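Presented below is the structure to which this report refers.
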Protein chains: 2
Amino acid sequence: MSTKEKLVSRAVELFNENGIEYVGMRELAADLNMRVGNVTYYFPTKDDLVMEIISQLRDLNSKTIGPDCSSIIDFLSMYKQVFHNQYQYRCLLLSFVHLVSRHPLFAGNYFATEAKRREALRSHLASMVKNNYLSTSLIGDKVELVVSHITLISRFWLSEARISYVNWTTEQTIAHYLNLLSDILLPYATDEGKKQVDNFRKELGGDLPKTWK
Amino acid sequence: MSTKEKLVSRAVELFNENGIEYVGMRELAADLNMRVGNVTYYFPTKDDLVMEIISQLRDLNSKTIGPDCSSIIDFLSMYKQVFHNQYQYRCLLLSFVHLVSRHPLFAGNYFATEAKRREALRSHLASMVKNNYLSTSLIGDKVELVVSHITLISRFWLSEARISYVNWTTEQTIAHYLNLLSDILLPYATDEGKKQVDNFRKELGGDLPKTWK
DNA sequence: AAATAAATTAGGACATTGTCCTAATTTAGC
DNA sequence: GCTAAATTAGGACAATGTCCTAATTTATTT
C-alpha cells in the first residue's frame with residue numbers, strides 16, 4: 001500500500017471516529033508517524049483529501065446501484081448495500097451539507113451524481129411497476145414524491161441516527177431505515193409486491209429495534 | 001435592545017447567512033463595532049451563544065406545537081409554521097448534527113425536547129384518528145413508522161434543500177416538504193381525511209416547484 | 001559506480017480561530 | 001463625589017489549515 005493510500009485509508013478511519021472537522025492534519029500525520037508537510041505533499045489541502053474519499057464512496061455506490069432492479073426484494077437489498085457503503089464512509093454523510101454548501105467543487109461533483117441517482121431511482125420504480133410489484137397508478141407526480149422520500153431517507157439516515165439513535169447497533173439502525181424505505185413503497189405495492197415487502201421485513205425482524213420510549 | 005440581545009440577534013442573521021462555523025467571534029464583534037473581549041463577556045464561549053439561539057427556537061416551537069390538533073388541516077398548518085420557525089433559525093438546523101454529537105450539553109437538551117416532540121406527534125395522530133380523519137388501522141408499529149417519517153422530514157428538510165434545491169424559493173421549498181408530509185399521512189387518510197389533504201395541497205399548489213429535471 | 005534529477009520528507013512560518021486573562025473605562029449606587 | 005460594580009478593550013495562548021524552503025531519500029542517466 002502506497003503512502004498516499006495509507007493516508008486516505010487511515011483518514012477515513014479517523015474521520016469516521018471523530019468527524020472530519022475534529023481530526024487535524026497534524027493528528028493524522030502523527031498517527032502515521034509522519035509530519036504535516038508530508039501530508040500536504042500528497043494532499044495540498046484538507047479538501048483535496050476529502051475529495052478523494054468522496055470519489056471512493058461514489059465509485060463504491062456506482063458499483064452497487066445497478067441498472068436492473070426487477071423486484072422489490074432486489075431494490076431493498078440494493079439499498080441495504082448502499083447503506084452499508086455509506087456507513088463505511090459515514091464521516092462524509094455526516095458532513096455533507098457543510099462540504100457541499102461551502103465548496104463549489106464538492107457541489108458540482110454532487111449535483112452530477114445526484115441527478116444520475118435520481119434518474120436511476122425513477123427507472124427502478126418503473127421496472128418494479130412493469131413487473132407488477134408496484135401499482136400502475138405510480139406515475140407522474142407520485143413518482144417524484146416517492147423519489148423525494150427515498151432520497152431524503154438515504155441521505156440523512158446516518159445523521160439522524162447519530163443524534164437520535166446513538167445506542168442502536170449499526171444493524172439495528174440500518175434495519176430501521178430499510179423498514180422506512182419499504183414503508184414508502186408499500187402504499188403502491190401490488191399483492192405480489194406486498195408479499196415481497198413482508199418477506200423483506202421478516203428478514204429485518206431480528207434486527208429491528210424493539211422499544212420506542 | 002440590550003447589548004446582549006443585539007449580539008444574539010445579529011449572530012442569528014450572520015449565522016443564517018454564512019453558517020455558524022464560518023462566522024468568527026471577531027467578525028461578529030466587528031459587525032457591531034465591538035471587540036472580541038466584549039462578546040466573550042456576555043458569552044464566554046461560542047457554544048454559549050449557540051445555546052442561547054437554540055433556546056429561542058425551542059421556545060418558538062413550543063408555542064407553535066400545541067396540544068390540540070383535531071384535523072389534518074390543523075396538523076399540516078401547524079407544521080407549516082414549524083417550518084417557518086426553523087427557517088428563521090436555519091443555521092441551527094444546518095449544524096445540528098455536529099452540535100449535538102459533539103457537545104454533551106446540546107445532546108442532553110436535544111434528547112429531552114425530542115422525546116416530547118415525538119410524544120406530542122403520537123397524540124396528534126391519535127386525535128386525528130379519533131376525529132375520523134385517519135384510519136383506525138393506524139396503531140402500534142405503524143404509528144411509530146409514521147412518526148419516524150415525519151421527524152426525519154421535519155429535521156432534515158432544510159439540510160436537503162440547502163444542497164439539492166438551492167434555486168428554489170423559501171416558499172417553494174416549504175411547500176415541497178409539506179407536500180411530502182401530507183404524503184406520509186395519505187395512506188392512512190379516511191375519505192374525509194383525503195379531502196383535507198387535497199384541500200391543503202390545492203393551497204400549496206401555487207408554491208409547489210414545477211420542474212424535476 | 002558515480003552523478004544528476006526527481007520524488008519525498010521534514011520543519012518552520014503565517015494568518016486565523018476560539019478562549020482566556022488583565023487593565024482600562026464606563027455606569028450605577030450611596 | 002466616591003466607591004464598587006459592570007462593561008469594554010486589548011493582548012496572549014494553543015490549535016488549526018496552508019504554504020514555503022531545505023534536507024533527505026529514491027530513481028534515472030551517463
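Convention: sequence-line order gives letters A, B, ...; per-chain numbering from 1. Because the structure is a prediction, the values reported are computed rather than measured.
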Looking at side-chain heavy atoms only, is the closest gap between A/Lys63 and A/Asn85 below 4.5 Å? no
B/Phe43 has an atom CZ; how far is it from atom C1' of C/dC20, in whole Å? 18 Å
Distance to the ring centre below 6.0 angstrom and angle to the axis at most 45 degrees; does that hold for B/Lys116 and B/Phe111? no
Does OP1 or OP2 of C/dA7 have a side-chain N or O of A/Thr3 closer than 4.0 Å? no
Are B/Tyr110 and B/Phe96 an aromatic pair, judged by ring center distance below 6.0 Å? yes
Does C/dT8 have OP1 or OP2 under 4.0 Å away from a side-chain N or O of A/Tyr41? yes
Donor-acceptor contact below 3.5 Å, side chain A/Asp47 vs main chain A/His103: no
Contact list for DNA chain D against residues 15-36 of chain B - heavy-atom distance below 4.0 Å: B/Arg26, B/Met34, B/Arg35
If I take atom CG in residue B/Leu7 and atom P in nucleotide D/dT7, what distance separates them, rounded to the nearest angstrom? 12 Å
Let me know which of A/Ile150, A/Leu152, A/Val147, A/Leu145 forms a side-chain contact (heavy atoms from CB on, under 4.5 Å) with A/Ile184. A/Ile150
Less than 6.0 angstrom separating the ring centers of B/Phe83 and B/Tyr87, yes or no? no
Mind calculating the distance between OH (A/Tyr42) and P (C/dA10) to the nearest angstrom? 10 Å
Distance test, side-chain N/O of A/Asn38 to OP1/OP2 of C/dA10, below 4.0 Å: yes
How many whole angstroms separate atom NZ of A/Lys4 from atom P of C/dT8? 10 Å
